[in-house]
Undergrad: 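Take a look at the following structure, please.
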Amino acid sequence: MKSRVPTIRSADLIVGGECCLGLLIIMPELPEVENVMRGLAQRLTGQRLVGIELRRSALRWPIPKEIVEQLTGKRITGFRRRAKYIIINFSNNISWIIHLGISGRMLVFNGSKPLIDIHDHVVCYTDSSLWIKFNDYRRFGMMDLSPTNEIYQHKLLKNIGPEPLDKGFSSRTLESVLSGKHVPIKAALLNQKLVAGIGNIYACEALHRSGILPSHFAMNITKKRAKKLVFEIKSVLTEAIAAGGTSIRDHRQVNNEPGFFQNALRVYNREGERCLSDGCYGTVKRVVQYGRSTFYCPQCQS
DNA sequence: AGGTTACCCTGACTGC
DNA sequence: TGCAGTCAGGGTAACC
């Protein structure tokens with residue numbers, strides 16, 4: 001049975017003048033959030049927000065109304081990412097924490113006010129006539145405020161595990177967080193309390209590259225395999241960031257170049273297709289773990 | 001305490 | 001062709 005093609009999720013950064021330059025569709029895991037954050041930082045650092053409109057009272061949870069009074073008139077001093085959260089720092093020592101959920105998008109326009117979509121839940125503009133829209137049709141995104149100097153004590157951030165791209169993230173780190181975890185390694189990698197930022201796609205891909213069966217119990221991962229897994233997690237995330245995330249389509253322009261998404265993914269969403277590992281003639285299988293699709297090759301993963 | 005499931009939402013897809 | 005039902009996703013609360 002061929003797996004169904006999942007809905008395309010997006011966490012775009014659109015930058016345009018009178019018209020958008022393009023629509024970049026990406027899957028908002030760590031690499032995509034990192035790229036959205038960098039794109040926002042490049043365009044918005046130093047800007048002063050002069051207007052904020054909350055067009056909906058809640059996403060996943062209520063949007064704090066204080067956003068308007070706390071951030072209006074304040075200058076953006078910097079951007080950070082923690083796991084899949086974008087953190088925007090303001091001149092009044094307040095940080096805006098934003099999670100894109102599954103379908104969240106940050107859209108930046110310049111010039112006159114852009115057309116407002118029914119899923120544009122927050123609209124801001126700056127003193128340099130830049131417009132920022134938070135668009136999220138599934139409303140699984142979330143946002144909150146926190147004092148900047150207490151940001152990592154915020155309830156959304158305080159329990160998140162180590163960043164896999166930090167230099168300090170080693171096989172020893174991974175062994176430590178997996179120790180005693182009587183859950184499949186795939187589920188452990190998705191657990192943000194254990195490792196930050198890894199989502200379904202990159203968990204599948206990193207395990208495939210490592211030759212580790214997703215159902216393997218986390219606590220039983222050997223030192224050697226932990227080392228390999230750490231290397232592959234870093235590799236797949238770094239490659240994805242370098243490729244600008246998993247861009248797969250341009251809605252505005254015909255682009256015959258295949259996107260990173262199709263080229264780079266070796267197992268994700270490839271059920272029934274040939275394994276792409278060198279010398280392997282296995283067929284990619286799909287199983288459901290904890291309600292999430294897992295793709296793997298039973299031939300080269302054990 | 002730690003593992004597991006349900007829930008939130010809606011566009012895209014599947015099957016009739 | 002059109003409609004109804006199903007599925008995907010992340011994070012958390014509630015359950016076991």
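So that the names make sense, note that chain A is the first sequence line, chain B the second, and so on, each numbered from 1.
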Undergrad: Which part of the nucleic acid does A/Gly141 contact within heavy-atom distance under 4.0 Å: base, sugar-phosphate only, or nothing?
TA: nothing
Undergrad: Distance check needed: C/dG10 P versus A/Leu194 CG, whole Å only.
TA: 15 Å
Undergrad: Quickly work out the A/Met219 CE to B/dG3 P distance and round it to whole Å.
TA: 9 Å
Undergrad: May I ask you to verify if any side-chain N or O of A/Tyr202 is less than 4.0 angstrom from the OP1 or OP2 atom of C/dG9?
TA: no
Undergrad: How many whole angstroms separate atom CG of A/Leu30 from atom P of C/dG11?
TA: 11 Å
Undergrad: Hey, which of these two, A/Pro184 or A/Arg56, hits DNA chain B nearer its 5' end, going by closest nucleotide?
TA: A/Pro184
Undergrad: Using the side-chain heavy atoms of A/Arg286, tell me which of these nucleotides is nearest: C/dC7, C/dG11, C/dG10.
TA: C/dC7
Undergrad: How long is the line joining CZ of A/Arg105 and P of B/dG11, in whole Å?
TA: 11 Å
Undergrad: Of the listed nucleotides (B/dG11, C/dG10, B/dG3), which one gets closest to any side-chain atom of A/Val183?
TA: B/dG3
Undergrad: Is the number of heavy atoms from other residues, nucleotides or ligands under 6.0 Å of A/Phe231 CZ greater than 12?
TA: no
Undergrad: I want to check one thing: is the phosphate of C/dG11, taken as OP1 and OP2, less than 4.0 Å away from some side-chain N or O of A/Lys84?
TA: yes
Undergrad: Any salt bridge linking A/Lys84 with A/Glu29? Criterion: basic side-chain nitrogen under 4.0 Å from a carboxylate oxygen.
TA: no
Undergrad: Taking CD1 from A/Ile102 and C1' from B/dT10, how many angstroms apart are they, rounded to a whole number?
TA: 10 Å
Undergrad: Any side-chain N or O of A/His99 below 4.0 angstrom from OP1/OP2 of C/dG11?
TA: yes
Undergrad: Kindly point out which of B/dG11, B/dG3, C/dG10 is positioned nearest to the side chain of A/His182?
TA: B/dG3
Undergrad: Base, sugar-phosphate alone, or nothing: which one does A/Arg139 contact when heavy atoms must sit under 4.0 Å apart?
TA: sugar-phosphate
Undergrad: Taking donor-acceptor contacts at under 3.5 Å, does the side chain of A/Arg292 reach the base of C/dG10?
TA: yes
Undergrad: Taking the inter-plane angle between the rings of A/Phe295 and A/Tyr268 on a 0 to 90° scale, is it parallel (under 30°), tilted (30 to 60°) or perpendicular (over 60°)?
TA: perpendicular
Undergrad: Over how many whole Å does the gap from A/Arg60 atom CZ to B/dA6 atom P extend?
TA: 15 Å
Undergrad: If you take the centroid of each ring, where Trp contributes its six-membered ring, are A/Tyr296 and A/His208 closer together than 6.0 Å?
TA: no
Undergrad: Mind checking A/Leu156 for me? I need base, sugar-phosphate or nothing, with any heavy atom below 4.0 Å counting as a touch.
TA: sugar-phosphate
Undergrad: Tell me the interatomic distance from A/Ile160, atom CD1, to C/dG10, atom P, rounded to whole angstroms.
TA: 14 Å
Undergrad: Grab the CG-P distance between A/Leu190 and B/dT5 for me, whole Å please.
TA: 15 Å
Undergrad: Does one hydrophobic cluster hold both A/Phe140 and A/Trp61, with members joined at side-chain heavy-atom distances below 4.5 Å?
TA: no
Undergrad: Would you say A/His119 places a side-chain N or O within less than 4.0 Å of OP1 or OP2 belonging to B/dG11?
TA: yes
